[in-house]
Colleague: 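Here it is, the structure, as structure tokens.
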There are 2 protein chains.
Amino acid sequence: MTQPCAHIIDDDEAIRDALQWLFKTRDVACATWPSAESFLAALQPGWRGCAVLDIRMDGMSGLECFDVLRQRGNQLPVIFITGHGDVPMAVAALKKGAFDFIEKPFNDSDLVDIVMRALEIDANNQRAEATRETVEARLALLTAREQEVMELILAGKFNKVIADELCISMRTVEAHRSKVFEKMEVRSAVELAQLVNLVRNRGGH
Amino acid sequence: MTQPCAHIIDDDEAIRDALQWLFKTRDVACATWPSAESFLAALQPGWRGCAVLDIRMDGMSGLECFDVLRQRGNQLPVIFITGHGDVPMAVAALKKGAFDFIEKPFNDSDLVDIVMRALEIDANNQRAEATRETVEARLALLTAREQEVMELILAGKFNKVIADELCISMRTVEAHRSKVFEKMEVRSAVELAQLVNLVRNRGGH
DNA sequence: TATTACATTGTGGACATCCACAACGCCGGA
DNA sequence: TCCGGCGTTGTGGATGTCCACAATGTAATA
């Protein structure tokens with residue numbers, strides 16, 4: 001079973017062990033990985049928690065690992081750790097969406113606090129993603145025509161107007177409308193709008 | 001008239017002049033301020049553009065200036081510049097919502113690029129804010145009762161159900177509903193939902 | 001005190017939506 | 001070739017919404 005945990009990715013065994021021990025004493029579940037490659041190879045979509053990622057590692061660097069993670073569509077909060085970081089690197093990492101960026105040596109309690117905040121954020125993300133996926137799944141059930149009708153419903157148009165625009169009878173629109181409601185599991189146009197707005201809108205940071 | 005411009009805030013006159021010249025040659029409108037205090041004293045809500053803020057200044061620091069700006073509800077993109085920055089400072093600034101954080105000496109073209117991106121972002125924000133304010137203004141016209149009814153409409157409930165929940169007649173609900181539509185300038189419950197969702201939802205970065 | 005804003009309710013009709021029952025043509029897969 | 005999904009359309013009725021016309025009571029304000 002995959003419960004939320006902090007994934008520690010560092011090629012230095014001493015640090016992995018130290019962090020593992022640190023998190024253990026603070027009751028934070030964690031897993032350790034000796035390289036970016038091993039972590040990415042094991043990673044499953046659906047893993048929750050966060051990643052504590054060392055930047056300078058043999059093989060793939062932490063920064064590259066982060067890019068791959070995001071390319072795979074994984075939105076896990078990532079906390080970078082580095083002993084040789086500079087301001088431009090930190091700025092670039094955060095602007096790309098890293099959760100935090102700290103330098104060694106760091107204060108243990110600070111790291112734990114950051115990780116716990118990251119875990120909280122991820123728990124929220126999980127709820128949002130679950131909702132999103134549910135809605136997307138329902139949307140996927142709609143035929144092209146039904147989606148077309150749905151858009152016009154969401155624009156607040158009357159069946160009569162929709163019928164005119166699509167050059168079909170009002171009765172047909174009603175049929176599609178009914179199907180849309182059924183597949184989307186809503187009982188009114190307003191509920192539909194609320195539901196669809198859950199997965200749209202939230203764009204453009 | 002206040003057109004979008006880059007506000008350069010630096011206590012070093014040589015730098016102000018240099019940046020002003022730089023922006024002028026790149027056709028980027030700008031204004032200069034010799035201190036955080038002078039900028040904040042002149043600042044009007046509604047000013048658009050971005051701020052290029054030196055961190056180390058006599059009197060109020062750039063970081064403090066940023067905090068005051070945000071406390072006032074101003075969302076202008078802020079680009080920090082510093083000659084003595086470190087990673088934690090940069091990280092803290094970005095996590096608080098700074099647009100960018102660069103070190104001196106910096107490449108002129110880089111700064112111009114950053115500022116131009118900031119100006120773009122701000123132009124988008126302006127549109128979003130304008131919409132938001134329009135909707136908020138309409139919402140403010142609603143009486144308490146009307147808002148109450150509106151919430152139930154947005155929940156997708158029938159007038160009959162709303163009447164039961166508020167212990168009033170269906171006719172009264174219809175009257176409120178009508179008033180809500182009129183004041184919100186929409187013609188259907190779906191339009192209302194779309195409009196209100198523009199100002200809700202977009203929370204929780 | 002007179003005015004105004006607000007919440008409340010009723011009647012009646014026009015219009016829109018929801019729904020059950022019924023049917024036809026097209027197209028792709030078994 | 002037959003079946004099933006899909007888009008299409010119709011009828012008719014129950015239910016919900018929109019709106020004009022009309023009215024009453026309360027509270028705050030000018």
Side-chain angles (χ1 to χ4, degrees), chain A residues 131 133-201, chain B residues 131 133-201:
Chain A
T131 308
E133 278 170 26
T134 303
V135 177
E136 296 276 13
R138 292 181 192 168
L139 283 173
L141 295 175
L142 300 180
T143 65
R145 197 56 155 172
E146 284 161 359
Q147 290 191 34
E148 207 170 348
V149 171
M150 187 184 75
E151 291 307 326
L152 298 174
I153 293 173
L154 293 179
K157 294 178 179 173
F158 291 143
N159 287 349
K160 187 198 299 184
V161 178
I162 298 174
D164 283 348
E165 289 191 19
L166 298 182
C167 298
I168 54 180
S169 84
M170 218 181 80
R171 185 60 194 84
T172 306
V173 176
E174 282 178 42
H176 287 313
R177 186 188 187 101
S178 171
K179 271 290 188 187
V180 169
F181 284 8
E182 182 188 331
K183 289 181 178 176
M184 295 301 290
E185 297 178 36
V186 296
R187 291 169 58 213
S188 72
V190 176
E191 274 184 56
L192 179 67
Q194 306 288 21
L195 202 63
V196 173
N197 272 320
L198 287 180
V199 303
R200 300 187 176 171
N201 256 346
Chain B
T131 308
E133 278 169 26
T134 303
V135 178
E136 297 275 14
R138 292 180 192 168
L139 283 172
L141 295 176
L142 300 180
T143 66
R145 198 55 155 173
E146 284 161 359
Q147 290 194 32
E148 207 170 349
V149 171
M150 186 185 74
E151 290 308 325
L152 298 173
I153 293 173
L154 293 179
K157 294 178 179 173
F158 290 143
N159 287 348
K160 186 198 296 183
V161 178
I162 297 174
D164 285 348
E165 289 191 20
L166 298 182
C167 298
I168 53 180
S169 84
M170 216 180 83
R171 185 59 194 82
T172 306
V173 175
E174 281 179 43
H176 287 313
R177 186 187 187 104
S178 172
K179 270 291 189 186
V180 169
F181 284 10
E182 183 189 331
K183 289 181 178 176
M184 296 301 290
E185 298 178 35
V186 296
R187 290 169 60 211
S188 72
V190 176
E191 274 185 55
L192 179 67
Q194 306 289 21
L195 202 62
V196 173
N197 273 321
L198 287 180
V199 302
R200 300 188 174 169
N201 257 347

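Letters go in sequence order (proteins before strands), and every chain restarts at 1. All values below come from the heavy atoms of this structure, side chains included, with hydrogens, waters and symmetry mates left out.
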Colleague: What side-chain donor-acceptor pairs closer than 3.5 Å can you find for residues 152-164 of chain B, not counting sequence neighbours?
Modeller:
residue: B/Lys157; atom: NZ; partner: B/Glu165; partner atom: OE1; Å: 3.3
residue: B/Lys157; atom: NZ; partner: B/Glu165; partner atom: OE2; Å: 2.9
residue: B/Asn159; atom: OD1; partner: B/Arg177; partner atom: NH1; Å: 2.6

Colleague: According to salt bridge (Lys or Arg N to Asp or Glu O under 4.0 Å), does anything in residues 178-189 of chain A pair up with another residue at least two apart or in another chain? List the pairs.
Modeller: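 Salt bridge (Lys or Arg N to Asp or Glu O under 4.0 Å) check on residues 178-189 of chain A returns A/Arg138-A/Glu185, A/Glu146-A/Lys183.
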Colleague: Between protein and nucleotides 25-30 of chain C, map the contacts as a letter string: B base, S sugar-phosphate only, - none, heavy atoms under 4.0 Å, written 5' to 3'.
Modeller: ------
Colleague: Kindly write out the residues that satisfy side chain to side chain contact (heavy atoms under 4.5 Å, CB included) with B/Gln147, not counting sequence neighbours, or none if the list is empty.
Modeller: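 Partners of B/Gln147 by the side chain to side chain contact (heavy atoms under 4.5 Å, CB included) criterion, ordered by chain and then number, come out as B/Leu142.
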Colleague: Specify the closest pair of heavy atoms between A/Asn197 and B/Ala193, including all atoms of both residues, with the distance to one decimal.
Modeller: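 Answer, listing the atom of A/Asn197 first, then B/Ala193: ND2-O, 4.5 Å.
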Colleague: Kindly state which residues belonging to residues 166-176 of chain A come within less than 4.0 angstrom of DNA chain C, counting heavy atoms of the residue only, listed by number.
Modeller: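 Within residues 166-176 of chain A, the residues near DNA chain C are A/Arg171, A/Glu174.
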Colleague: Under the rule for salt bridge (Lys or Arg N to Asp or Glu O under 4.0 Å), what residues qualify as partners of B/Glu151, not counting sequence neighbours?
Modeller: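 Result, salt bridge (Lys or Arg N to Asp or Glu O under 4.0 Å) vs B/Glu151: B/Arg200.
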Colleague: Who passes side chain to side chain contact (heavy atoms under 4.5 Å, CB included) against A/Ser169, sequence neighbours left out?
Modeller: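 By the side chain to side chain contact (heavy atoms under 4.5 Å, CB included) rule, A/Ser169 matches A/Arg171, A/Thr172.
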Colleague: Go through residues 178-189 of chain A and report each residue with a non-hydrogen atom lying under 4.0 Å from DNA chain D, sorted by number.
Modeller: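 Result for residues 178-189 of chain A: none.
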Colleague: Under a 4.5 Å cut-off applied to non-hydrogen side-chain atoms, are A/Val135 and A/Met184 in contact?
Modeller: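 In short, these two side chains touch, coming nearer than 4.5 Å.
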Colleague: Contact between A/Gln194 and A/Val186 at the side-chain level, heavy atoms closer than 4.5 Å - yes or no?
Modeller: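 No; the side chains remain at least 4.5 Å from each other.
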Colleague: With sequence neighbours excluded, what pairs up with A/Glu133 under the side chain to side chain donor-acceptor pair (under 3.5 Å) test?
Modeller: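 None.
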Colleague: Give the first and the last nucleotide of DNA chain D, reading 5' to 3', that has any atom under 4.0 Å from a heavy atom of chain B.
Modeller: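 Counting from the 5' end, contacts occupy D/dG16 to D/dC21.
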Colleague: Tell me which residues in residues 134-163 of chain B lie within less than 4.0 Å of DNA chain D, going by non-hydrogen atoms.
Modeller: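 Heavy-atom cutoff 4.0 Å gives B/Phe158, B/Asn159, B/Lys160.
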Colleague: Would you work out how much the helix from C/dT1-D/dA30 to C/dA30-D/dT1 bends between its ends, with each end axis defined by five base pairs, to 10 degrees?
Modeller: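 Nearest ten degrees gives 40° for this helix.
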